[in-house]
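First up is the structure itself, then whatever we jot down about it.
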Amino acid sequence: MPENNEITRFFGGSPAWVLVRLVLLSVVVGVILAALGIDPMNILTSLERLVRSLFNFSFEAVERLWRYFLLGAVVVIPLWLILRLLGRR
């Protein structure tokens with residue numbers, strides 16, 4: 001009985017239950033990594049590709065934000081200036 005207690009303590013619970021949890025957690029993490037485009041056969045290349053695509057995506061987002069700012073500023077700033085000038089009278 002003490003041997004079973006040591007095994008349970010080592011695994012952090014019943015070995016069968018720990019195995020089931022590890023399998024389920026592995027499947028969930030595998031689905032997430034597959035969605036991110038990470039391949040288990042060449043994980044370093046996949047991680048590098050993921051970082052590059054996230055880096056490129058961030059620059060695309062900044063470029064879009066800049067374009068939206070310019071588009072809005074073309075309308076907002078002249079209106080603001082006109083309202084400020086008319087408000088002084």
I32 reachable from L54 in the ILVMFWY side-chain graph, under 4.5 Å edges
yes
Taking all non-hydrogen atoms of both residues into account, name the closest pair between T8 and S14 and its distance.
CG2-N, 4.2 Å
Do you know the tightest heavy-atom contact between A73 and P78?
O-CD, 3.4 Å
Does F55 belong to the same Ile/Leu/Val/Met/Phe/Trp/Tyr cluster as L47, with side-chain heavy atoms less than 4.5 Å apart forming each link?
no
What is the distance from atom CD of E6 to atom CZ of F11, rounded to the nearest 0.5 Å?
12.5 Å
Mind checking who shares a hydrophobic cluster with L70, ILVMFWY linked at side-chain heavy-atom distances under 4.5 Å?
W66, F69
Consider only side-chain heavy atoms of I, L, V, M, F, W and Y, link residues closer than 4.5 Å, and tell whether V51 and I43 are in one cluster.
no
Contacts satisfying salt bridge (Lys or Arg N to Asp or Glu O under 4.0 Å) that involve residues 43-54 (not counting sequence neighbours) are E48-R52
Verify the cluster assignment for L71 and I77: are they in a single hydrophobic cluster under the rule of side-chain heavy atoms below 4.5 Å apart?
no
Rounded to the nearest 0.5 Å, how far apart are CG of L33 and CG of L50?
9.0 Å
Please write out which residues are connected to W17 in a hydrophobic cluster, directly or through intermediates, given that two of Ile, Leu, Val, Met, Phe, Trp, Tyr count as joined at side-chain heavy-atom separations below 4.5 angstrom.
V20, L24
Shared hydrophobic cluster for L85 and V74 (ILVMFWY, side-chain gaps under 4.5 Å)
no
